[in-house]
Asker: 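Here it is, the structure in full.
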Amino acid sequence: MPAAQQPASRLLTLNTGSSSLKAALYGASPDAPPELRATAERIGREGGKLTITDAEGAILFEIQRELPDHDAAVQALLAWLHTQHGAGAFGAVGHRIVHGGSDHREPERVTPALLTALKRLVPIDPDHLPQAIGAIEAVTHAAPQMPQVACFDTAFHRHMPPVARRYALPREYEAAGVVRFGFHGLSYEYIMDALHTESPAAARGRVVIAHLGNGASMVAVRDGIGIETTMGFTPTGGLVMGTRTGDLDPGVLLYLLHERGMTADAISTLVNKEGGMLGVSGTSGDMRDLLDREAADPHAADAVALFCYTAKKHLGALVAALGGLDTLIFTGGIGEHAAPVRERICAGLAFLGITLDPHRNATGAAIISPDDTPVVVRVMPTDEDAMIARHTRDVLIHGGTHVRI
C-alpha cells in the first residue's frame, strides 16, 4: 500500500472476548481519549446487552437483546453508529488479535491471506480467535472497502531469547511452532510507553509488569524489550487466573485422559473455564467476590491465597531472569484496584528490594513503595484500545508500527 495514506478522521477499535465485545471510537487526534465506548455482554447467551457511553461515561444507548454471536454484536454496534453519524462514522477499524502465531509479529493490514492464516491458528486458541475472525468478517460484510488492521497480543514478546521461547521437546515440534509466545502484549506495550513518558530512565531499566485480571500474566522487560513472560503456547499457562488453571503438570492431563476418560474438549473446558479461582473456590472467579467472602468462606480464602502465592512465585522467577529489579508495575482490574492482593504478593520480598507503603497501597497511589527503597512499585492503568488505535493509524499512514522505546 502507499507509504503515506491519509489517516481516517475517526477509527473504531474492536476487542473481542469469549462472550463479550469492547469497542471505542477515536477521533482525529491519535492520543486523545475515545469519543465513545461500547460494550456488548453475554454474547451467545441469554440476556445479551449492548451499552454505548460517551467520553464522560454517560449512557447514550442501551438495549437488551439476544446477541447470538460476535457478528450480531458488531452489526448492532455498526447500525447504531450509522444512525448517529451516517455512512462516514469512521474510516478504519483496528482489532485486537490474541494469537498471531510465529508468522505475525507486527500489526498489519487485514487481507484475505491474513484471514486464512488466522483460521489455521484457531486450534491453538479456540477461545479467542474465532470471535476476532467473526468481528473482522462482520465489518467486511458491512463495509467491504473499509481498511482493517490486526494488532497482535503476541507481538510484544517477539524479542524473547530462544531459551525463553523453547519447550523441552524434540526439535520437530519447535519447527512446527510449538513454542512459548506470551500474551497481553498490547497492555504491556501501553504500560511501557506510559512509563517512558513518565520516567525514561525507569523504562530503560529492569521492569516487571503484572497484568492481573480475570486473565493474568507477568512480563520481565529489560531496556524496553520483553525477555520473559509467564504465559506460553496459549493464554492458559502461567499464573492462576479467574477460570484458568495456569501452569499444570502435563501428567495431570494424561491422567484425566486415560484414567478419568475425559475428552480433549472436556479438558479444555476444565482448564480454561472451570479451573482457576472459580474451581478452587467453587463459587466465583471474580477477585472482588472472593475478597468479600474470604473471612467467612475458607474455599474463597484458599482461592485468593493460591492466586497471590503463584503470582509471588512467578515474580521471583522473573526477577531472577532479569538479574535484579528496578521497577514493579501492577495493572489490570485486580492489579489496579485490589490493594490486599498487591500487599500479599509483595509481602516478604524485601530481600528483592520490594516493600510497600501501607497507606499509599491502600489509597491506590501511583507509587505505592516508600521513597527510599531500591525497587519502585507503581500502579498504572492500562488501555489496550488506545494501543490498538495507535497501531492502526501507524499502519495506515506509514505502513509500519508504533515505535516503542
Side-chain angles (χ1 to χ4, degrees), residues 31 33 57 156 183-222 224 226 229-230 238-242 277 286-292 304 307-316 318-319 322 324-350 352-387 404-405:
D31 294 313
F156 182 84
F183 300 90
H184 287 139
L186 292 168
S187 173
Y188 292 139
E189 189 173 8
Y190 180 87
I191 291 295
M192 287 305 298
D193 278 1
L195 180 63
H196 183 262
T197 298
E198 190 166 328
S199 175
R204 290 191 294 269
R206 299 166 298 181
V207 181
V208 169
I209 307 170
H211 178 110
L212 306 181
N214 184 55
S217 70
M218 294 182 177
V219 68
V221 183
R222 182 190 294 124
T229 190
T230 56
L239 310 180
V240 169
M241 302 175 228
M277 292 188 291
D286 190 309
M287 181 62 79
R288 294 167 295 187
D289 296 339
L290 297 172
L291 287 172
D292 288 342
V304 175
F307 179 92
C308 295
Y309 173 75
T310 58
K312 183 195 297 281
K313 184 169 66 172
H314 280 281
L315 172 57
L318 294 179
V319 174
L322 285 168
L325 186 64
D326 303 307
T327 304
L328 171 62
I329 301 171
F330 287 98
T331 192
I334 297 172
E336 293 173 38
H337 303 297
V341 172
R342 296 193 299 260
E343 178 185 2
R344 294 177 203 186
I345 291 172
C346 294
L349 297 183
L352 294 178
I354 300 171
T355 57
L356 298 187
D357 179 295
H359 176 72
R360 290 180 179 180
N361 183 50
T363 56
I367 295 178
I368 59 175
S369 52
D371 292 334
D372 58 350
T373 52
V375 176
V376 177
V377 185
R378 298 173 178 265
V379 178
M380 299 178 70
T382 192
D383 193 338
E384 293 170 331
D385 292 335
M387 208 70 244
R404 294 191 296 107
I405 57 171

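In this text, all values refer to a predicted model and were calculated from it rather than measured experimentally.
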Asker: Which salt bridge (Lys or Arg N to Asp or Glu O under 4.0 Å) pairs, counting each pair once, include a residue from residues 362-377, with sequence neighbours left out?
Answerer: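 Sorted result for residues 362-377: R360-D371.
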
Asker: Mind listing the closest non-hydrogen atom pair of F183 and Y188 along with its distance?
Answerer: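 Heavy-atom minimum between the residues: O-CE1, 3.4 Å.
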
Asker: Can you confirm whether L212 sits close enough to F307 that some side-chain heavy atom of one is under 4.5 Å from a side-chain heavy atom of the other?
Answerer: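 A side-chain contact under 4.5 Å exists here.
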
Asker: Could you report the tightest heavy-atom contact between R344 and C308, atom names first, then the distance?
Answerer: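 So the minimum-distance heavy-atom pair works out to CB-SG, 3.9 Å.
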
Asker: Check V375 against L325 and note the closest heavy-atom contact, atom names and distance.
Answerer: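 So the two residues come closest at CG2-O, 3.3 Å.
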
Asker: Considering all heavy atoms of both residues, which atom of I345 and which atom of A311 are nearest to each other, and what is their separation?
Answerer: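 Scanning both residues completely, I find the closest heavy atoms to be CD1-CB, 3.7 Å.
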
Asker: Keeping K312 on the side-chain end and A347 on the backbone end, is there a donor-acceptor pair under 3.5 Å?
Answerer: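 Yes: the side chain of K312 pairs with the backbone of A347.
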
Asker: Taking L195's backbone N and O only, do any of them form a donor-acceptor pair with S199's side chain (distance below 3.5 Å, no angle check)?
Answerer: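 Not a single qualifying donor-acceptor pair exists.
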
Asker: Shortest non-hydrogen contact from A220 to L322?
Answerer: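 A220 and L322 have their closest heavy atoms at CB-CG, 3.7 Å.
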
Asker: Sub-3.5 Å donor-acceptor pair from the side chain of T230 to the main-chain atoms of G238, do we have one?
Answerer: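 No: the side chain of T230 does not pair with the backbone of G238.
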
Asker: Can you list everything that forms a side chain to side chain contact (heavy atoms under 4.5 Å, CB included) with D326? Sequence neighbours excluded, please.
Answerer: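 Expected list: R206.
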
Asker: Measure the shortest side-chain to side-chain distance between V379 and H337 over non-hydrogen atoms and say whether it is less than 4.5 angstrom.
Answerer: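 No, their side chains stay 4.5 Å or more apart.
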
Asker: With sequence neighbours excluded, tell me which residues meet side chain to side chain contact (heavy atoms under 4.5 Å, CB included) with P33.
Answerer: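 For P33 there are no side chain to side chain contact (heavy atoms under 4.5 Å, CB included) partners, ignoring immediate neighbours.
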
Asker: Any non-hydrogen side-chain atom of M287 less than 4.5 Å from a side-chain atom of N214?
Answerer: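 A side-chain contact under 4.5 Å is absent here.
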
Asker: I need the R204 CZ to T327 OG1 distance, nearest 0.5 Å.
Answerer: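 Going from CZ on R204 over to OG1 on T327, the span is 11.5 Å.
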
Asker: Got a second to check how far L315's CG is from T310's OG1, nearest 0.5 Å?
Answerer: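 Between atom CG of L315 and atom OG1 of T310 there are 11.0 Å.
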
Asker: Test L239 against M218 for side chain to side chain contact (heavy atoms under 4.5 Å, CB included), laying out the working first.
Answerer: CA-CA 8 Å; L239 310 180; M218 294 182 177; 4.1 Å; yes

Asker: If we check side chain to side chain contact (heavy atoms under 4.5 Å, CB included) with L356, which of these qualifies: I368, L349, T373?
Answerer: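 Among the candidates, only I368 passes.
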
Asker: Please check if any side-chain donor atom of S217 sits under 3.5 Å from a side-chain acceptor atom of H184, or the reverse.
Answerer: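 The answer is yes; a qualifying pair exists.
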
Asker: Atom OG1 of T363 and atom NE2 of H359: how far apart are they, to the nearest 0.5 Å?
Answerer: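 That separation rounds to 4.5 Å.
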
Asker: Please report the shortest heavy-atom distance between P381 and Y190, naming the atom on each side.
Answerer: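 So the minimum-distance heavy-atom pair works out to O-CE2, 3.5 Å.
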
Asker: Please name all residues satisfying salt bridge (charged side-chain N to carboxylate O under 4.0 Å, His left out) with R222, sequence neighbours left out, ordered by chain then number.
Answerer: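 Counting only residues at least two positions away or on another chain, R222 forms no salt bridge (charged side-chain N to carboxylate O under 4.0 Å, His left out).
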
Asker: With rounding to the nearest 0.5 angstrom, report the CG to CZ distance, L290 to R288.
Answerer: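 If I round to the nearest 0.5 Å, the distance is 10.5 Å.
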
Asker: Are the side chains of L328 and R378 in touch, meaning some heavy atoms are under 4.5 Å apart?
Answerer: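 They are not in side-chain contact.
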
Asker: Please check if the side chain of T355 supplies one atom and the backbone of A350 the other of a donor-acceptor pair under 3.5 Å.
Answerer: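 The answer is no, because no donor-acceptor pair under 3.5 Å joins these two groups.
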
Asker: Quick one: list whatever passes salt bridge (charged side-chain N to carboxylate O under 4.0 Å, His left out) with E343, sequence neighbours left out.
Answerer: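 Counting only residues at least two positions away or on another chain, E343 forms no salt bridge (charged side-chain N to carboxylate O under 4.0 Å, His left out).
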
Asker: Which pairs would a plain distance check flag for residues 329-336, meaning a side-chain donor or acceptor within less than 3.5 Å of a matching protein atom at least two apart in sequence or in another chain?
Answerer:
| residue | atom | partner | partner atom | Å |
| --- | --- | --- | --- | --- |
| T331 | OG1 | E336 | OE2 | 3.3 |
| T331 | OG1 | M380 | O | 2.6 |
| T331 | OG1 | T382 | N | 3.3 |
| E336 | OE2 | G332 | N | 3.2 |
| E336 | OE2 | T382 | N | 3.3 |

Asker: Does the side chain of H211 pick up a donor-acceptor pair with the side chain of S187 at under 3.5 Å?
Answerer: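 Distance-only check passes for H211 and S187.
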
Asker: Is there a side chain to side chain contact (heavy atoms under 4.5 Å, CB included) between V377 and I354? Walk through the geometry before answering.
Answerer: CA-CA 7 Å; V377 185; I354 300 171; 4.2 Å; yes

Asker: Any chance you could lay out the side chain to side chain contact (heavy atoms under 4.5 Å, CB included) test for L291 and V304, step after step, and finish with the verdict?
Answerer: CA-CA 7 Å; L291 287 172; V304 175; 4.0 Å; yes

